[in-house]
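Let me begin by presenting the structure, written as structure tokens, before commenting on it.
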Amino acid sequence: MSSVHVVAQGFNKQVDAYETARPSYPPQIVDRLISVVGLKPAASVVELGVGTGKFTRLLTPYKLNVIAVEPAAGMRTKFAQLFPDITLVDGTGESIPVESGTVDAILIAQAFHWFASEASLREFHRVLKPNGALGLIWNLEDRNAAPWVAKLRDLYEVHEAGSPQYRLMLWKHAFDTQFARDSFAPLSDEHLAHSIACTKSMVWQRVLSKSYIANLDPASAEALRQQIYAMLERDVPQFAPDAATEATVDYPYTTDIYWTFKL
């Protein structure tokens with residue numbers, strides 16, 4: 001859709017990499033988010049920016065009535081293949097195709113930074129029931145946990161092309177407006193450090209799943225891959241040139257959750 005950030009449109013180009021390489025979310029932090037926003041079985045939930053359903057599949061045990069909203073056609077196609085029984089609609093943060101005052105919660109995983117604006121918050125306020133909840137969750141590679149992760153991020157983050165990445169925290173400005181202060185409770189947050197075992201190839205696929213990397217031309221992407229592999233082989237013993245092909249390293253992350261309620 002036209003309101004989708006131009007860099008975010010890269011998600012259409014690496015749908016399979018997104019599905020296979022993007023990490024899931026620790027069950028304990030998902031459970032915590034569901035608990036703090038007060039969701040019970042049969043609650044009505046809009047999940048915005050569902051992508052391929054990395055977060056959606058974790059909602060299954062909670063028996064929620066989920067409406068999945070995704071603006072990227074390629075992502076919708078993959079989602080529909082994986083979750084044929086979940087209602088899936090085209091929409092954005094500023095245009096959610098549900099009736100006003102009908103939703104117990106809006107949940108957004110790894111996406112709100114792309115459409116954080118007063119217009120989106122106004123749309124959230126419209127569709128939420130009184131005291132309805134907004135829950136946000138992100139995974140972020142932890143550059144402070146391992147030197148090689150800092151070097152990895154330095155290699156690929158130069159390609160962000162001015163996009164409003166989560167790590168920059170620009171999305172929080174949406175809550176600084178008078179409308180936000182009058183319409184939503186102050187944000188609460190919690191954070192969890194964890195790690196995921198990854199092969200060298202998985203590290204690259206994780207990078208490739210980023211929209212701004214998916215937007216690179218093939219030659220630039222290959223040059224970046226070679227830079228990353230050279231760094232990994234130099235700085236990570238498990239990935240030394242003579243190491244086993246399927247050797248793994250713990251890839252450190254933090255998972256962050258934020259939540260608020262409609263006033």
| Salt-bridge criterion met for R153 and E141 (N-O under 4.0 Å) | no
| What's the shortest heavy-atom distance between L121 and F112, and which atoms? | CD2-CZ, 4.2 Å
| request: Indicate, with yes or no, if V158 and L224 share a hydrophobic cluster defined by side-chain heavy-atom contacts under 4.5 Å among Ile, Leu, Val, Met, Phe, Trp and Tyr. | output: no
| field | Closest heavy-atom pair and its distance - R126, I96 | value | NH2-O, 2.9 Å
| request: Any chance you could measure I257, atom CD1, to L33, atom CG, to the nearest 0.5 Å? | output: 5.0 Å
| said: Check whether F175 forms a cation-pi arrangement with R181 (NZ or CZ under 6.0 Å from the six-membered ring centre, at most 45° off the ring normal). | reply: no
| field | Non-hydrogen atoms of P23 and N139 that approach each other most closely | value | O-ND2, 3.6 Å
| query | For residues Q165 and S163, is any side-chain donor paired with an opposing acceptor at under 3.5 Å? | reply | yes
| Who pairs with H191 by ring pair (Phe, Tyr, Trp, His ring centres under 6.0 Å), at least two apart in sequence or on another chain? | Y258
| request: Give a yes or no on whether a salt bridge exists between R122 and E94, defined as a side-chain N under 4.0 angstrom from a carboxylate O. | output: no
| task | Please report the C-alpha distance between D90 and R76 in whole Å, then the side-chain angles of each, then the deciding distance to 0.1 Å, and finally whether the side-chain contact (heavy atoms from CB on, under 4.5 Å) criterion is met. | result | CA-CA 8 Å; D90 185 5; R76 287 200 306 276; 3.3 Å; yes
| task | Over all heavy atoms of both residues, which pair between D182 and L263 is shortest? Give the atoms and the distance, please. | result | O-CD1, 3.7 Å
| task | Give the C-alpha distance, both sets of side-chain angles, the deciding distance and a yes or no for side-chain contact (heavy atoms from CB on, under 4.5 Å) between D189 and D256. | result | CA-CA 7 Å; D189 61 278; D256 305 325; over 6 Å; no
| Given V50, V46, L48, the one that forms side-chain contact (heavy atoms from CB on, under 4.5 Å) with I108 | L48
| field | L170: hydrophobic cluster co-members (side-chain, 4.5 Å) | value | L168
| query | Taking all non-hydrogen atoms of both residues, which atom of A111 and which atom of G49 are closest, and how far apart? | reply | CB-O, 4.2 Å
| Within the side chain of S183, is there an N or O that forms a donor-acceptor pair under 3.5 Å with the backbone of A180? | no
| task | Using a strict 4.0 Å threshold on nitrogen-to-oxygen distance, state whether R143 and E157 make a salt bridge. | result | yes
| field | Steps toward side chain to side chain donor-acceptor pair (under 3.5 Å) verdict (Y251, D142) | value | CA-CA 8 Å; Y251 198 160; D142 189 351; over 6 Å; no
| said: Just by distance, no angles: are the side chains of S44 and D104 close enough, under 3.5 Å, to form a donor-acceptor pair? | reply: yes
| Between the side chains of E246 and T199, does any donor sit under 3.5 Å from an acceptor? | no
| query | Does the side-chain contact (heavy atoms from CB on, under 4.5 Å) test come out yes or no for W259 and E190, once each step is laid out? | reply | CA-CA 9 Å; W259 65 94; E190 292 185 13; 3.8 Å; yes
| Taking the six-membered ring for Trp, are Y25 and F55 parallel (under 30°), tilted (30 to 60°) or perpendicular (over 60°)? | perpendicular
| query | For the residue pair F115 and F124, does the interplanar ring angle fall in the parallel (under 30°), tilted (30 to 60°) or perpendicular (over 60°) class? | reply | perpendicular
| field | Validation row, ring centre F261 to ring centre F184 under 6.0 Å | value | no
| Quick one: is the NZ or CZ of K200 closer than 6.0 Å to the six-membered ring centre of Y229, and within 45° of its axis? | yes
| field | Flag if over 12 foreign heavy atoms under 6.0 Å of CD, Q226 | value | yes
| remark: Residues at least two apart in sequence or cross-chain that pass ring pair (Phe, Tyr, Trp, His ring centres under 6.0 Å) with H159, listed by chain then number, are none
| task | Please work out whether the ring planes of Y166 and W171 are parallel, tilted or perpendicular, with thresholds of 30° and 60°. | result | parallel
| query | Just wondering, are more than 12 heavy atoms of other shown residues or ligands nearer than 6.0 Å to CG in N131? | reply | no
| said: With side-chain contact (heavy atoms from CB on, under 4.5 Å) as the criterion, how do L39 and L107 come out once you've worked through the C-alpha distance, each side chain's angles and the decisive distance to 0.1 Å? | reply: CA-CA 11 Å; L39 290 178; L107 301 179; 4.2 Å; yes
